[in-house]
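Down below is the structure, laid out as structure tokens.
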There are 2 protein chains.
Amino acid sequence: MITIKDIAKLAGVSPSTVSRVISNHPRISSETSLKVKKIMKEMNYHPNMMAKSLVSKTTQTLGIMLPRPAEELFQNYFFGELLRGIITHATRMNYELLLSTETSSSDELNAISRLVHGRRVDGILLLGSKREDPIISFLEAEKFPFVLIGRSETHPDAPMVDNNNVQTAFDATTHLIAQGHKRVGFVSGPPDLTLSHDRLLGYKNALEEAGLDANNDWIVEGEFLQESGFRSMSLFMSLPDRPTALVVIDDNVAFGVLRALAELGYNVPEDISVVSFNNIALSELASPPLSSIDIGTYQLGYTAVQVLLKILNGEHLPQNPVIIPHRLIVRDSSLFTLSGNA
Amino acid sequence: MITIKDIAKLAGVSPSTVSRVISNHPRISSETSLKVKKIMKEMNYHPNMMAKSLVSKTTQTLGIMLPRPAEELFQNYFFGELLRGIITHATRMNYELLLSTETSSSDELNAISRLVHGRRVDGILLLGSKREDPIISFLEAEKFPFVLIGRSETHPDAPMVDNNNVQTAFDATTHLIAQGHKRVGFVSGPPDLTLSHDRLLGYKNALEEAGLDANNDWIVEGEFLQESGFRSMSLFMSLPDRPTALVVIDDNVAFGVLRALAELGYNVPEDISVVSFNNIALSELASPPLSSIDIGTYQLGYTAVQVLLKILNGEHLPQNPVIIPHRLIVRDSSLFTLSGNA
DNA sequence: CTGAAAGCGCTTACAG
DNA sequence: CTGAAAGCGCTTACAG
């Protein structure tokens with residue numbers, strides 16, 4: 001392994017000088033700088049990041065903490081898109097990314113405390129949060145820099161990048177109501193996620209504002225899996241007063257919903273309209289093409305890295321949370337106006 | 001930050017002794033060990049990994065190199081499943097994972113050489129390879145430990161974990177031939193990937209063995225995207241002698257194929273049968289449910305980590321490449337026997 | 001503008 | 001079984 005000393009010797013200067021050349025120290029003669037840089041290139045020298053980290057107390061690395069049942073996340077296109085946004089900006093800013101996950105629920109702080117106390121990363125990106133999240137408490141107690149992608153109810157001051165998910169669900173529901181629907185159901189996600197909670201609230205708000213009944217039979221909770229949507233339909237459609245429209249928490253879940261409806265012999269959108277969330281690439285190719293709220297997934301990841309780097313630089317955060325705008329993409333699955341309603 | 005010296009002082013021993021306790025050195029009295037461990041716990045001490053790495057020349061970290069157009073990969077459920085296998089075993093073995101990607105094609109060795117020369121990782125996992133891959137040449141020249149998930153034609157001695165992709169495509173094609181199909185098409189992936197190449201070969205071998213014609217009009221190359229499959233169909237189905245069955249390189253691509261066929265008014269499997277690869281969770285819920293070759297995606301990732309750790313331990317690799325077994329999951333999309341053929 | 005020296009938090013022969 | 005010392009490859013006041 002070739003070190004800073006080797007370069008120094010070859011260039012006829014001291015190791016300190018080489019170090020200064022590497023870090024573009026202002027008070028170094030351009031002559032010396034050029035000479036040293038030439039030799040570094042010739043020798044294909046790269047600084048040892050571990051040594052650098054040890055003295056600088058900085059790692060140029062960001063940690064990504066995946067929530068525990070990563071299985072679910074990984075089955076979701078949404079996650080890939082988020083990761084893509086993260087990687088793009090981190091790479092651009094010369095940061096490395098360390099991927100970590102909770103090892104077991106019995107010891108859920110284990111992974112995070114290894115990262116934090118082992119000084120392996122400069123800051124942490126939290127992908128999603130539970131309604132009560134000990135990881136956030138831990139990071140706040142440690143005063144360790146982090147950004148949450150999502151929203152925390154219990155830690156309102158935590159730096160967050162999120163959509164306005166009450167509003168996303170409000171918009172989706174209102175769109176269906178505007179088509180004349182009076183009985184709108186909601187296929188939700190895991191109840192311990194803030195995301196599910198917020199969207200449920202937005203859904204209820206929209207019904208209330210329209211003076212429509214909320215009916216608990218029209219709300220079902222599940223997971224972010226196609227199977228979840230698939231299974232929920234037999235129950236829904238057998239209700240005496242079944243919904244004529246559905247808001248579905250996630251595109252994948254909506255695929256399961258569409259499949260179940262097809263098997264049960266219902267037509268979308270004529271028999272029942274569907275709007276979901278995330279607008280993954282596949283939504284457009286579903287049968288029928290799926291109306292979906294585009295939440296700017298890539299932008300969420302990208303922005304989260306920007307915010308975290310600001311924190312690391314000690315910059316002031318002009319606003320918190322940072323809200324990524326969403327918009328409803330209307331496709332065939334909700335393009336059906338109920339008769340008798342203008 | 002609390003260091004090994006602080007612990008030593010509190011325990012009334014030397015830093016060397018604390019270090020030995022941490023690494024479970026055999027010649028340490030259990031009395032001393034207990035005492036030191038107690039204090040470490042009380043003080044919530046965690047060793048500084050950077051310092052440890054600097055002297056031990058080891059990082060307990062594995063690098064994951066993503067191929068460049070990561071966009072494609074990330075849109076693919078397949079990738080999530082692979083990553084899940086990697087994370088599971090790496091975490092279990094107390095290794096961290098560094099996620100990296102080529103920054104630009106003009107400087108494709110930049111990211112990898114930062115990892116290798118910066119000594120940030122102990123070994124590297126390569127996700128997929130191109131037919132001519134400078135990254136593999138680089139790693140071999142540097143004698144840096146790595147495992148390729150996939151197969152390299154130009155570097156047959158590189159450690160690899162792969163399916164037998166000639167065989168996977170052979171099996172898929174043979175299954176269709178067994179249903180009586182005489183005109184079988186192939187929707188392939190990017191031609192510069194070894195994977196595409198191998199599966200095309202398996203497809204051709206199967207045709208040849210059955211004494212059937214290969215027809216270049218029945219072969220189309222594209223990307224691992226739904227759109228790719230979608231677009232390929234208008235061409236295929238307008239051929240005078242169009243195929244009655246299709247082998248499709250990837251489930252996502254197959255979704256696009258199914259969608260296009262539905263729009264064009266063809267029934268699957270009656271008008272045309274389809275078999276694809278990867279058997280992602282969604283395959284089962286497609287309309288119709290998709291026959292697919294299960295390639296053991298999770299196992300590929302998991303095994304790749306196992307192999308890489310073996311290399312790091314200096315163990316001998318009993319075989320190379322390691323082949324993960326596959327199996328055909330037959331579903332409705334290929335369950336139709338052409339009349340006049342037993 | 002440059003160098004010598006101390007130090008980052010660990011590990012590991014060497015000695016006892 | 002344990003400690004003192006040297007060293008891993010860097011950076012950074014301090015001095016000139």
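So that the names make sense, note that chain A is the first sequence line, chain B the second, and so on, each numbered from 1.
Rounded to the nearest 0.5 angstrom, Leu127(A) CG and Ile86(A) CD1 are separated by 5.0 Å. Here the straight-line distance linking atom CE of Met40(B) with atom CD1 of Ile7(B) works out to 7.0 Å at 0.5 Å rounding.
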Show me the donor-acceptor pairs, under 3.5 Å and distance only, between side chains in residues 300-315 of chain A and residues at least two apart or in other chains.
{"residue": "Tyr302(A)", "atom": "OH", "partner": "Arg92(A)", "partner atom": "NH1", "Å": "2.5"}
{"residue": "Thr303(A)", "atom": "OG1", "partner": "Gln299(A)", "partner atom": "O", "Å": "2.6"}
{"residue": "Asn313(A)", "atom": "ND2", "partner": "Leu309(A)", "partner atom": "O", "Å": "3.3"}

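Side-chain contact, Ser33(A) with Ser30(A): no donor N or O sits under 3.5 Å from an acceptor N or O. When only modelled atom types and interatomic distance are considered, Ser16(B) and Ser19(B) share no side-chain donor-acceptor pair under 3.5 Å.
Rounded to a whole angstrom, the distance from the C1' atom of dG16(D) to that of dT12(D) is 16 Å. Between dA13(C) and dG9(C), the distance separating the two P atoms is 23 Å to the nearest Å.
DNA chain C lies under 4.0 Å from at least one heavy atom of each of the following residues of residues 37-58 of chain A: Leu54(A), Val55(A), Lys57(A). Scanning residues 15-32 of chain A for heavy-atom distances under 4.0 Å to DNA chain C yields Ser16(A), Thr17(A), Arg20(A), Arg27(A), Ile28(A), Ser29(A), Thr32(A).
Under the 3.5 Å distance criterion, the side-chain polar atoms of Gln60(A) are matched with a main-chain donor or acceptor of Asn94(A).
Looking at residues two or more places apart in sequence or on another chain, you find a salt bridge (charged side-chain N to carboxylate O under 4.0 Å, His left out) between Glu42(A) and Lys38(A). Listed by chain and number, the residues in a side-chain contact (heavy atoms from CB on, under 4.5 Å) with Ser137(A) are His155(A) (sequence neighbours excluded). Annotation: side-chain contact (heavy atoms from CB on, under 4.5 Å) contacts of Ile323(B) (sequence neighbours excluded): Asn164(B), Pro321(B). Checked against salt bridge (charged side-chain N to carboxylate O under 4.0 Å, His left out), Arg151(B) has the following partners two or more places apart in sequence or in another chain: Asp198(B). With sequence neighbours excluded, the residues that form a side-chain contact (heavy atoms from CB on, under 4.5 Å) with Leu10(A) are Ile39(A), Met43(A). Taking the side-chain contact (heavy atoms from CB on, under 4.5 Å) definition, one finds that Thr59(B) meets it with Met50(A), Ser53(B), Thr61(B), Asp122(B), sequence neighbours left out.
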Checklist outcome for this item: Dot-bracket assigned to DNA chain C with the 3.5 Å Watson-Crick/G-U criterion, [ ] for crossing and | for other-strand pairs, is |||.||||||||.|||
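Within the structure, ring pair (Phe, Tyr, Trp, His ring centres under 6.0 Å) contacts touching residues 31-52 of chain B (residues at least two apart or in different chains) are His117(A)-His46(B).
Once you apply a 4.0 Å limit to the heavy atoms of chain A, the touched nucleotides of DNA chain C run 5' to 3' over dC1(C) to dG9(C).
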